[in-house]
Amino acid sequence: MLKPLYDNVVLKRKEVEKKTASGIILTDTSKNTPSIGEIVAVGNGKLVEDKLVPLTVKVGDTVVYKEYATTTVKYENEEYLILCESDILAIIE
Amino acid sequence: MLKPLYDNVVLKRKEVEKKTASGIILTDTSKNTPSIGEIVAVGNGKLVEDKLVPLTVKVGDTVVYKEYATTTVKYENEEYLILCESDILAIIE
Amino acid sequence: MLKPLYDNVVLKRKEVEKKTASGIILTDTSKNTPSIGEIVAVGNGKLVEDKLVPLTVKVGDTVVYKEYATTTVKYENEEYLILCESDILAIIE
Amino acid sequence: MLKPLYDNVVLKRKEVEKKTASGIILTDTSKNTPSIGEIVAVGNGKLVEDKLVPLTVKVGDTVVYKEYATTTVKYENEEYLILCESDILAIIE
Amino acid sequence: MLKPLYDNVVLKRKEVEKKTASGIILTDTSKNTPSIGEIVAVGNGKLVEDKLVPLTVKVGDTVVYKEYATTTVKYENEEYLILCESDILAIIE
Amino acid sequence: MLKPLYDNVVLKRKEVEKKTASGIILTDTSKNTPSIGEIVAVGNGKLVEDKLVPLTVKVGDTVVYKEYATTTVKYENEEYLILCESDILAIIE
Amino acid sequence: MLKPLYDNVVLKRKEVEKKTASGIILTDTSKNTPSIGEIVAVGNGKLVEDKLVPLTVKVGDTVVYKEYATTTVKYENEEYLILCESDILAIIE
């Protein structure tokens, strides 16, 4: 199991059907290309001075995140992304 | 539904009639091209040390914002923008 | 009405007679070209940690400001500038 | 009257006789060219968190300052400089 | 023995079998090439203001870290890496 | 008299005999060329939030400092340097 | 004697036998070339807000440090390095 540190989270990238009417289609208007993933693990909290502030996102959340700052890790034949919570823009509910 | 994180907000871009006398016309004098949008969702608050400070803007506000730092997301056939509240300059009342 | 956020202010640029003896003439000696404007709206305060600190400038003040960081907005046939209070150098009394 | 904001001050540049034996002669050894001026107005204080910390310099002080970060303003036929107190290096007593 | 300072840790790089089905395979999608190592020593804590905040990682943890910011030290015929805890992304459990 | 502001100090450069056996010889191994001077005036303290923290160096101290960030001022036929205390590396006792 | 200020330390570089089996051999994998030295003097503490936080390293410690940010000073025919404690990676015990 991958256990992220501090305000890092582990995501599983979601395949986005680019043409489905009711789906989400992401278009980049700036340098940040957003993507969609499901959170599979969250860190122990953001270190602010000497306190750990729990993250807002939870395991199971589907989120829109900025692709550019992620690190890809293949673990037991699955591909995961590790990124900082501040690179997550929104939760899809 | 798109639920933005922290001090992010979700906007719906407003069409601005560039030539209407009583409307708002935006002209860029610097590198920041301002645009107008309506807020459809606001984040859970700006994280300042270990507190969440609620945002000033509310759902339904029409705002002038800086275009350059937004991320476009298409969701259920509608196009939305996600941006940080600090890139919003003013509310139009 | 344009209601600026946080430490932003809305200005109306003032025409400066460049050659009037008793007027103000602005000369740029550096990259910052200063200009003169009248404040028509002020934000709800600068966010410092979790407090809103009221601005020093008030509606009606004539101020010297740095031109380069402003955003121009045309609203009901009038042109306004939105800028941050920290780009205002002085009040002319 | 020019009333500077926060930690800005208004200066009147002093003519420095470059060759007078007892005078001050400024030589730039780095990119900062120092100059001499007299303070004619000081701001209402440096904003530190939510407090205004009074400036150290006072009206009438003759100071050595870094030229590069000043803004020149001509007001009632006199030329003034506006700069931040942190660009003042020393008071000449 | 190498005793790291503050929030530095000493790692021993782990050989990763790039093709084993159940192993971890690391692929770089960005400029950060992640790697795997075992922690052999941790610093006395991150200095936050005047307090030392203990690290989250412990001796014996297998971690995913960003390769680019490490310093290699050969000590008694073994090669070690010294890096800051903030360059560790996750613990593998 | 030159009275430096805040954490600035005024120095008088010391001639260093480059070849004297018991003297100090300074060699630059990086971009910072260190030099030696005697402190002739110290500022009223470093402004930290709203407090003035007194400097560590005192008038009369001989110090090693980084040359690159100094400003040279000629005053009553003597040449002085003004620099920030953080550019002083050590006191020679 | 060289008495470093704040979080600076004075080191004496150690000759490292590059080929001795039980010695330490340093290899640079990044831009930081680490080196080994013995601490001969430590500063009066790191200034954090208005407090001096004592350093972790002590006189006599042998340390691994980053070469690139040091200043070389020759004093009474000995060559010393002055560097900030944050550029020290580990103590060798």
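Only a predicted model underlies this, so the values are computations on that prediction, with no experimental measurement involved. Lettering of chains follows the sequences in order, A, B, ..., and the numbering in each one begins at 1.
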Exercise for the section: Go through the side-chain N and O atoms of A:Tyr80 and A:Thr72 and say whether any donor and acceptor fall under 3.5 Å apart. Expected result: no
Practice task
Could you pull out all residues at least two apart from E:Thr62 that satisfy side-chain hydrogen bond (donor to acceptor under 3.5 Å, both in side chains)?
Solution key: E:Lys14
Fill in the blank from the handout: So OG1 of E:Thr71 and CD1 of E:Ile82: to nearest 0.5 Å the spacing works out to 6.5 Å
Problem - A:Tyr75 side chain vs A:Met1 backbone, donor-acceptor pair below 3.5 Å - result: yes
Handout entry: Expected output: side-chain E:Glu79 to main-chain E:Lys12 donor-acceptor under 3.5 Å
Key = no
Practice task
Counting only heavy atoms closer than 4.5 Å, note whether E:Glu49 contacts chain A via side chain, backbone, both or neither.
Solution key: side chain
Practice task
Give a yes or no answer on whether the side chain of A:Glu85 reaches the backbone of A:Val57 with a donor-acceptor pair at less than 3.5 Å.
Solution key: yes
Problem - Whether over 12 other heavy atoms sit under 6.0 Å from E:Lys51 NZ - result: no
Practice task
May I ask you to test the A:Val9-A:Ile88 pair for a side-chain heavy-atom distance under 4.5 Å?
Solution key: yes
Problem - Neighbourhood of chain A inside residues 39-46 of chain E, taking heavy atoms under 4.5 Å as contact - result: E:Lys46
Problem - Proximal component of A:Asn8, with respect to chain E [non-hydrogen, under 4.5 Å] - result: side chain
Practice task
Identify which part of A:Leu83 has an atom lying under 4.5 Å from any heavy atom of chain E, answering side chain, backbone, both or neither.
Solution key: neither
Completion exercise
With chain A, the option among E:Leu52, E:Val48, E:Thr56, E:Val63 that has the most non-hydrogen atom pairs under 4.5 Å is E:Thr56
